[in-house]
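The analysis underlying the following values was restricted to heavy atoms, covering all of them including side chains, and did not include hydrogens, waters or symmetry mates.
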Amino acid sequence: MRFTACDCGVPHYGRAQRAWWMKLLWTRRLYHCASCGQFMLLSPGAIAERLAQRDRKSARRSRPAEVAVEGP
């Protein structure tokens, strides 16, 4: 069990049911990575941050490259 996110990415994460002792850590939720099989106790803020990073990366990729146009 990890307290940090794996490198597989948020789309692979799925919520899992916590054991009673995990509920004592009420600021964290249990996630299971379908790619590597790791169980992770993560804060919802950590998930939101990783989603924002992914969105920023995809926004940079989707931006068209600037092309220099010479005048007449």
Side-chain angles (χ1 to χ4, degrees):
M1 172 140 2
R2 300 171 55 140
F3 288 94
T4 58
C6 66
D7 294 328
C8 297
V10 177
H12 299 282
Y13 299 169
R15 290 284 303 272
Q17 188 172 6
R18 295 180 289 175
W20 67 270
W21 64 268
M22 293 177 196
K23 294 179 182 178
L24 297 173
L25 301 170
W26 57 272
T27 59
R28 295 183 175 256
R29 302 289 178 253
L30 184 64
Y31 293 91
H32 179 253
C33 179
S35 181
C36 67
Q38 291 284 325
F39 283 94
M40 305 162 284
L41 272 173
L42 304 174
S43 68
I47 297 296
E49 181 180 326
R50 289 183 66 97
L51 283 172
Q53 287 175 353
R54 184 188 68 174
D55 292 343
R56 284 193 298 267
K57 284 181 183 177
S58 66
R60 276 187 264 151
R61 287 186 197 138
S62 65
R63 241 186 275 157
E66 294 182 23
V67 179
V69 178
E70 294 184 23

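- Partners of His32 according to the ring pair (Phe, Tyr, Trp, His ring centres under 6.0 Å) rule, which considers only residues two or more places apart in sequence or in another chain, are Phe39.
- Taken together through direct or relayed side-chain contacts under 4.5 Å among Ile, Leu, Val, Met, Phe, Trp and Tyr, Trp26 and Phe3 form parts of separate hydrophobic clusters.
- Between Leu30 and Met1 the shortest side-chain heavy-atom distance falls below 4.5 Å.
- Interatomic distance, SG of Cys6 versus CZ of Arg50, reported as 6.5 Å (0.5 Å rounding).
- Heavy atoms only, all atoms of each residue included: Pro44 and Arg29 are closest at CG-CG, 4.3 Å.
- Summarising the geometry, atom OG belonging to Ser35 is positioned 9.5 Å from atom OH belonging to Tyr13; distances are rounded to the nearest 0.5 Å.
- When all heavy atoms of Leu42 and Ala5 are compared, the closest pair comes out as CD2-N, 3.5 Å.
- In this structure, the side chain of Tyr31 does not engage the main chain of His12 through any donor-acceptor pair within 3.5 Å.
- For the atom pair Met22 CE and Trp20 CH2, the distance stands at 11.0 Å (nearest 0.5 Å).
- In this structure Leu51 satisfies the side-chain contact (heavy atoms from CB on, under 4.5 Å) test together with Val10, Ile47, Arg54, sequence neighbours excluded.
- Annotation: the span from Cys36 atom SG to Arg2 atom CZ amounts to 7.0 Å, rounded to 0.5 Å.
- Nearest approach of Leu41 to Arg28, heavy atoms of both residues: O-NH1, 2.8 Å.
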